[in-house]
K.L.:
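Shown below is the structure under consideration.
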There are 2 protein chains.
Amino acid sequence: MPSRTVSDHDLLDRLGTLFRSAGFDGASLADIAAATGLQKSSLYHRFPGGKQQMAAEVASAVGEQFASGILAPLASDRPVAERVELVARRLREFYDGGARSCVLDMLSIGDPGVSASEALAAAAAGWTAAFAAVAREAGADARTATARAQDAIASVEGALVLARVTGDRRPFTRAIDRLPSVLLGDH
Amino acid sequence: MPSRTVSDHDLLDRLGTLFRSAGFDGASLADIAAATGLQKSSLYHRFPGGKQQMAAEVASAVGEQFASGILAPLASDRPVAERVELVARRLREFYDGGARSCVLDMLSIGDPGVSASEALAAAAAGWTAAFAAVAREAGADARTATARAQDAIASVEGALVLARVTGDRRPFTRAIDRLPSVLLGDH
DNA sequence: GTCTATACGACGATAGAC
DNA sequence: GTCTATCGTCGTATAGAC
């Protein structure tokens with residue numbers, strides 16, 4: 001195993017941060033080289049498929065990290081309300097209170113390739129499934145649970161768009177605060 | 001007044017359609033020339049400020065058309081519920097049932113320039129004010145009305161992101177269907 | 001595995017004829 | 001007002017040395 005100056009994990013992490021702030025089209029290979037500390041040719045050694053492969057692997061990695069680092073508590077044995085509260089806190093942190101855009105948004109614009117698009121769709125599906133599972137626990141049928149999950153995710157995604165356009169992060173804060181009532185149907 | 005092969009209105013309309021589907025970075029001048037039927041140099045005659053000016057004027061035009069063509073009924077003398085229903089129908093049409101992305105999202109990524117960013121923020125503010133006005137009519141105080149307006153807009157914007165990523169337009173349909181209850185507080 | 005150097009097409013933008 | 005032709009730069013991607 002020859003030594004790598006940047007670990008795969010760190011590499012994907014820095015790529016993800018860049019893609020999330022600049023978008024797929026907005027992140028040039030020069031930007032990527034600067035952000036990762038690797039030269040363009042080294043990047044092609046790690047990602048023979050070029051920028052599209054970078055986007056695809058970032059989408060997969062973010063999806064997995066999101067599932068294991070943020071959504072995982074939803075499957076614990078704590079009380080439902082408590083689990084949702086914990087996820088809300090982690091989401092607030094992940095999006096830095098609404099200051100960071102979502103990779104689902106930023107990587108779905110432009111031409112990131114089929115693999116990246118599929119990975120984004122898979123990440124969205126995983127998020128939806130995790131949210132729907134707690135909605136089912138709260139008594140919702142499968143159809144309603146999925147709807148509540150999607151609506152909760154949409155409220156977060158939309159608030160992030162609004163924050164980027166207006167600079168107002170309060171809609172994001174409210175979307176996070178509303179998570180328990182939206183998912184658990186607690187009107 | 002020398003004749004123009006494409007009217008200002010049509011020009012901005014075609015530019016808007018392109019920016020909405022490709023984003024600011026994704027719409028190259030070659031794409032723009034193809035979409036408008038004008039050569040690049042002709043475009044610079046109409047928009048001396050280049051692509052950034054095109055984005056700024058599109059953002060302004062869409063904001064005005066949105067206000068006059070979609071939100072205007074909110075200020076009529078019909079019953080509140082009826083006005084909101086009408087706006088819901090027009091929003092559904094404007095976004096083609098969730099198939100089209102929002103210019104607020106697509107033009108706020110990349111470097112569209114200060115003028116475009118300000119025009120986008122103004123458009124978002126106008127949308128918010130129009131929605132908040134009907135919430136106030138329904139009895140909400142100013143603070144609550146603005147929150148309801150922002151939350152309603154966020155649910156639409158987020159549903160459009162979700163539709164682009166997953167292909168599922170049902171969240172958009174539900175966001176539109178929920179407009180009356182979200183704005184008027186009809187739980 | 002990473003580097004320097006380079007290919008070459010596409011990019012935004014401009015010059016000048018008509 | 002629109003066109004053809006072109007500028008210089010930056011884009012993605014590659015070749016080959018170390």
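Note on naming: letters A, B, ... go to the chains in the order of the sequence lines (proteins, then strands), and numbering restarts at 1 for each one. Side chains included, hydrogens not; waters and symmetry mates left out as well; all remaining heavy atoms used.
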K.L.:
Need one value for Ser28(B): base, sugar-phosphate or nothing, where a base atom within 4.0 Å counts as base even if backbone is also close, heavy atoms only.
P.N.:
sugar-phosphate
K.L.:
Can you check the Met54(A) CE to dG11(D) C1' distance for me, whole Å?
P.N.:
13 Å
K.L.:
Can you tell me if the side-chain N/O atoms of Tyr44(B) get under 4.0 Å from OP1 or OP2 in dT14(C)?
P.N.:
no
K.L.:
Given dC3(D), is OP1 or OP2 found less than 4.0 Å from the side-chain N or O atoms of Ser42(B)?
P.N.:
yes
K.L.:
Do the non-hydrogen side-chain atoms of Thr36(B) and Val6(B) ever get within less than 4.5 Å of each other?
P.N.:
no
K.L.:
Is His45(B) close enough to dG1(D) that one of its side-chain N or O atoms is under 4.0 Å from OP1 or OP2 there?
P.N.:
yes
K.L.:
Flag the pair Glu157(B) and Arg164(A) as a salt bridge only when some basic side-chain nitrogen lies within less than 4.0 angstrom of an acidic carboxylate oxygen.
P.N.:
no
K.L.:
With nearest nucleotides of DNA chain D determined for Pro48(A) and Ala30(A) from heavy-atom distances, which residue corresponds to the more 5′ nucleotide?
P.N.:
Ala30(A)
K.L.:
Rounded to whole angstroms, how far apart are CG on Leu29(B) and P on dG12(C)?
P.N.:
4 Å
K.L.:
With a 4.5 Å limit on heavy-atom distance, are the side chains of Leu86(B) and Arg90(B) in contact?
P.N.:
yes
K.L.:
dG11(D) P sits how many Å from Ile32(A) CD1, rounded?
P.N.:
10 Å
K.L.:
Using 30° and 60° as the class boundaries, would you call the ring planes of Phe24(A) and Phe19(A) parallel, tilted or perpendicular?
P.N.:
parallel
K.L.:
Is there a side-chain contact between Leu29(A) and Tyr44(A) (heavy atoms, below 4.5 Å)?
P.N.:
yes
K.L.:
How many Å lie between NZ on Lys51(A) and P on dA13(D), as a whole number?
P.N.:
8 Å
K.L.:
Under 4.0 Å between a side-chain N or O of Ser41(B) and OP1 or OP2 of dT14(C)?
P.N.:
no
K.L.:
Applying a 4.0 Å non-hydrogen cut-off, can you work out what Ala27(B) is touching in the nucleic acid: base, sugar-phosphate, or nothing?
P.N.:
sugar-phosphate
K.L.:
How close or far is atom P of dG12(C) from atom CG of Asp111(B), stated in whole angstroms?
P.N.:
13 Å
K.L.:
Rounding to a whole Å, what distance do you find between Asp25(B):CG and dG12(C):C1'?
P.N.:
12 Å
K.L.:
Send over the distance from Leu38(A) CG to dA13(D) C1', rounded to a whole Å.
P.N.:
16 Å
K.L.:
Does a side-chain N or O from Lys40(B) land closer than 4.0 Å to OP1 or OP2 of dA13(C), or not?
P.N.:
no
K.L.:
Send over the distance from Gln39(A) CD to dA17(D) C1', rounded to a whole Å.
P.N.:
15 Å
